[in-house]
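Heads up, the thing below is written out as structure tokens.
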Amino acid sequence: MKVVIASDHGGLNLKKAVTEYLSEKKIEFTDLGPDSTDSVDYPDYAKPVAEKVAAGEYDKGILICGTGIGMSITANKTKGIRCALVHDTFSAKATRAHNDSNVLAMGERVIGPGLALEVVDTWLNTEFEGGRHERRVCKIEE
Ligand code: RB5
């Protein structure tokens, strides 16, 4: 599995925790930045992640800002992207199983790193169920 990840300044610390987790789990990833706490605009980081996942260059994307909201709104503007803003493991599992979400958004100012890593682990390891959910996901694309 290949993952592409980015944050803004508000999500930098949680992104570091997530990239350490990905390294520990030997999951291949690319970090598109930023790597400092200088203020940046989240759409500049959400869009490249969304485009690379939509183009099939990566299997999944992870976006982190202060709330996760700006990142998720931006990512969902790219056709083919189903970005889910998630801060609990129930939703992490459900959005993979039912929505086949391909980008995960989280907010560093909303969730602690312990739960965030459980969310990432659940989201990366839950398969799409297909079946009736496939029809619904197709309707999103239409
Ligand atoms: C940055 O201050 C903040 O607005 C951003 O990280 C995010 O929460 C936007 O949705």
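Whatever order the structure lists ligands and atoms in, that order sets their numbers, starting from 1.
Note on ligand 1: M71 sits outside its first shell, no heavy atom being nearer than 4.0 Å. Heavy atoms of E108 come nearer than 4.0 angstrom to ligand 1 in no pair at all.
A cation-pi arrangement, defined by a distance under 6.0 Å to the six-membered ring centre and an angle within 45 degrees of its axis, is absent between K52 and Y58.
When each of D31, D35, D8 is checked for a side chain to side chain donor-acceptor pair (under 3.5 Å) with K15, only D31 meets the rule. Shown are N102, T126, T122; of these, the side chain to side chain contact (heavy atoms under 4.5 Å, CB included) with R96 is made only by T126. Screening V119, L124, V18 against L104 for a side chain to side chain contact (heavy atoms under 4.5 Å, CB included) leaves a single residue, V119.
Within ligand 1, counting atoms from 1 as listed, the ones closer than 4.0 Å to a heavy atom of G70 are 9 (C), 10 (O). The atoms of ligand 1 that sit less than 4.0 Å from any heavy atom of D8 are 1 (C), 5 (C), 6 (O). Less than 4.0 angstrom separates some heavy atom of G66 from each of these atoms of ligand 1: 5 (C), 6 (O), 7 (C), 8 (O).
Nearest protein heavy-atom neighbour of atom 1 (C) of ligand 1: H9 NE2, 3.7 Å. Among protein heavy atoms, atom 7 (C) of ligand 1 sits closest to C65 SG, 3.4 Å. Of the protein's non-hydrogen atoms, R109 NH1, 3.8 Å is the one closest to atom 3 (C) of ligand 1. With respect to atom 9 (C) of ligand 1, the closest heavy atom belonging to the protein is Y42 CE2, 3.5 Å.
Between the side chains of W123 and S101, at least one donor-acceptor pair of N or O atoms lies under 3.5 Å.
Atom CE in M71 sits 9.0 Å away from atom OH in Y45 (nearest 0.5 Å).
H9 contributes a side-chain N or O that, together with a main-chain N or O of V40, makes up a donor-acceptor pair within less than 3.5 Å.
For ligand 1, the polar-atom distance check finds no N/O of G68 at less than 3.5 Å from any of the ligand's N/O atoms.
Checked for salt-bridge contact, E141 and R82 meet the test: a charged N lies under 4.0 Å from a carboxylate O.
With atom 8 (O) of ligand 1 as the reference point, the heavy atom nearest to it among T67, L12, I64 is part of T67.
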